[in-house]
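Quick notes on the structure that follows.
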Number of protein chains: 2
Amino acid sequence: MSAKITMDATDRQILRILREEARIPIVDLALRVGLSPTPCNRRLRKLEDSGLIAGYGARIDPAVAGFGITAFVSVELERQQSDELTRFQHKVAQFEEVVTGSLMTGTQDFLLEVAVESLEDFENFLQSRLLRLPGIRAVRSRFALRKFIDRARLP
Amino acid sequence: MSAKITMDATDRQILRILREEARIPIVDLALRVGLSPTPCNRRLRKLEDSGLIAGYGARIDPAVAGFGITAFVSVELERQQSDELTRFQHKVAQFEEVVTGSLMTGTQDFLLEVAVESLEDFENFLQSRLLRLPGIRAVRSRFALRKFIDRARLP
DNA sequence: CGTGAAACTAACCACCC
DNA sequence: GGGTGGTTAGTTTCACG
């Protein structure tokens with residue numbers, strides 16, 4: 001795990017392919033980057049061992065899953081002490097509706113990305129879940145029409 | 001592709017596992033959900049064919065990749081005509097710094113998530129790239145300390 | 001970095017209950 | 001819908017150029 005790696009153009013190409021098709025066989029991957037399987041596999045292991053590739057995950061289509069609506073919700077707490085922030089994070093992670101959550105600098109509020117089926121579900125999430133958490137000072141919601149980019153940045 | 005599927009608890013369990021470990025062998029997956037490989041594989045294909053599983057991707061650790069700073073940038077354009085919005089999306093997708101981009105409802109502005117190495121890089125991105133695009137009315141940036149949730153929502 | 005071979009593992013399919 | 005077994009395909013490791 002975790003070492004400084006020297007990446008060349010081939011490594012970057014491997015990453016680019018794997019970001020989209022994580023289940024491609026090594027032989028195919030090797031063909032596409034112009035190597036033979038063995039050195040290609042060696043590079044892949046290097047990328048995995050370095051921690052750059054942290055794992056592989058299935059891409060689940062939110063639209064097919066029935067969650068066509070994405071809302072971004074800013075939440076400011078009344079107190080920004082470290083333990084309060086941590087507690088809020090743990091609580092919010094329990095809500096399956098929340099797909100991303102970031103702690104922001106400055107006033108140390110939270111930016112949550114919420115996936116729901118309908119506006120009714122969103123209202124329900126707000127009233128029955130989020131706003132029931134203690135210590136919330138302010139909440140502001142905005143809705144996304146569509147996400148037109150969603151990817152990782154490569155070195 | 002794309003059909004309404006009847007999901008049971010086992011299917012959901014498969015999704016939950018695959019969301020984290022997309023490269024798990026079918027035999028192991030089958031063991032963990034309490035099936036034998038064949039029916040487990042059938043369920044998996046069903047999930048893939050329905051489009052619920054849109055693909056598999058490598059998780060690339062932004063910190064290891066050197067992009068420790070995430071900024072959320074709101075961009076409002078001077079005009080919100082459909083072709084202007086589309087053009088902006090295409091331009092913004094060229095910027096490798098932009099990892100997610102959403103078109104928002106209401107004033108139809110954009111919310112971009114930008115991954116950079118340093119604050120200098122961010123300034124550079126703003127001045128040399130984003131603000132050079134024509135027709136931008138307003139930009140507002142906020143920085144994330146850390147992302148504490150990042151996942152897909154499951155049915 | 002590339003080749004080829006051996007041992008192993010996984011995916012797939014036809015067929016069964 | 002779930003299970004078995006055999007075939008095909010993919011992966012890993014290694015010695016060597």
Side-chain angles (χ1 to χ4, degrees), chain A residues 1-61 63-67 96 151-152 154-155, chain B residues 1-61 64-66 151-155:
Chain A
M1 289 256 205
S2 245
K4 65 200 75 171
I5 1 166
T6 33
M7 299 253 308
D8 65 6
T10 308
D11 290 316
R12 273 181 278 273
Q13 210 183 339
I14 290 175
L15 280 179
R16 219 170 301 129
I17 294 171
L18 251 33
R19 182 177 55 172
E20 308 302 326
E21 314 162 47
R23 287 191 129 182
I24 187 178
I26 302 287
V27 256
D28 297 1
L29 181 61
L31 276 175
R32 284 177 56 180
V33 301
L35 287 179
S36 70
T38 306
C40 181
N41 206 359
R42 283 202 283 254
R43 284 165 180 269
L44 175 55
R45 300 190 75 83
K46 186 188 65 177
L47 294 171
E48 289 173 347
D49 292 347
S50 72
L52 220 196
I53 296 180
Y56 302 92
R59 271 193 303 274
I60 288 148
D61 188 327
V64 178
F67 306 115
E96 53 182 4
R151 64 190 179 197
L154 303 180
Chain B
M1 292 257 201
S2 242
K4 66 199 75 174
I5 1 167
T6 34
M7 299 254 306
D8 65 8
T10 308
D11 289 316
R12 272 181 278 274
Q13 212 182 337
I14 290 175
L15 279 180
R16 219 170 302 127
I17 294 171
L18 251 34
R19 183 179 53 173
E20 308 301 327
E21 315 161 48
R23 286 192 130 180
I24 187 177
I26 301 286
V27 249
D28 298 1
L29 181 62
L31 277 176
R32 284 176 57 180
V33 302
L35 286 179
S36 70
T38 306
C40 181
N41 205 357
R42 280 203 287 256
R43 283 167 181 268
L44 176 54
R45 298 191 73 84
K46 186 187 67 180
L47 293 171
E48 290 173 348
D49 293 346
S50 72
L52 220 197
I53 295 179
Y56 302 93
R59 270 194 303 276
I60 287 149
D61 188 327
V64 178
R151 63 191 179 198
R153 184 172 179 191
L154 303 179

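Just so it is clear: chains get the letters A, B, ... in the order the sequence lines come, proteins before strands, and each one is counted from 1.
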With a cut-off of 3.5 Å and sequence neighbours excluded, list every side-chain donor-acceptor pair involving residues 21-28 of chain A.
from	atom 1	to	atom 2	distance (Å)
A:Glu21	OE1	A:Arg32	NH1	3.3
A:Glu21	OE2	A:Arg32	NH1	3.1
A:Glu21	OE2	A:Arg32	NH2	3.4
A:Arg23	NE	B:Ala22	O	3.0
A:Arg23	NH1	B:Tyr56	OH	3.4
A:Arg23	NH2	B:Ala22	O	3.2

Results of side chain to side chain contact (heavy atoms under 4.5 Å, CB included) for A:Arg12 - residues two or more places apart only: A:Met7, A:Arg16
Residues forming a side chain to side chain contact (heavy atoms under 4.5 Å, CB included) with A:Ala63, sequence neighbours excluded: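 Counting only residues at least two positions away or on another chain, A:Ala63 forms a side chain to side chain contact (heavy atoms under 4.5 Å, CB included) with A:Asp61.
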Annotated protein contacts, base or backbone, on nucleotides 10-17 of chain C with a non-hydrogen cut-off under 4.0 Å, one of B, S, - each: SSSB----
Show me the donor-acceptor pairs within less than 3.5 Å that the side chains of residues 33-41 of chain B make with the rest of the protein, sequence neighbours left out.
none

Test salt bridge (charged side-chain N to carboxylate O under 4.0 Å, His left out) applied to B:Arg43 - qualifying residues, sequence neighbours left out: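 In terms of salt bridge (charged side-chain N to carboxylate O under 4.0 Å, His left out), with neighbours along the sequence ignored, B:Arg43 is linked to B:Asp8, B:Asp11.
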Heavy-atom side-chain contact between A:Leu18 and A:Leu44 under 4.5 Å: yes
Angle between terminal axes - the helix from C:dC1-D:dG17 to C:dC17-D:dG1, 5 pairs each end, rounded to 10°: 30°
Inter-residue atom distance B:Gln13.CD - B:Leu29.CG, 0.5 Å rounding: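 Here the rounded value is 8.5 Å.
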Spatial distance of atom CD1 (A:Ile60) from atom CG (B:Leu47) [nearest 0.5 Å]: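 The CG atom of B:Leu47 is 9.0 Å from CD1 of A:Ile60, to the nearest 0.5 Å.
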Protein-nucleotide distance (A:Leu44, atom CG; D:dG10, atom P), rounded to Å: 17 Å
Value in whole Å for how far the C1' atom of D:dA9 lies from CG of A:Leu31: 15 Å
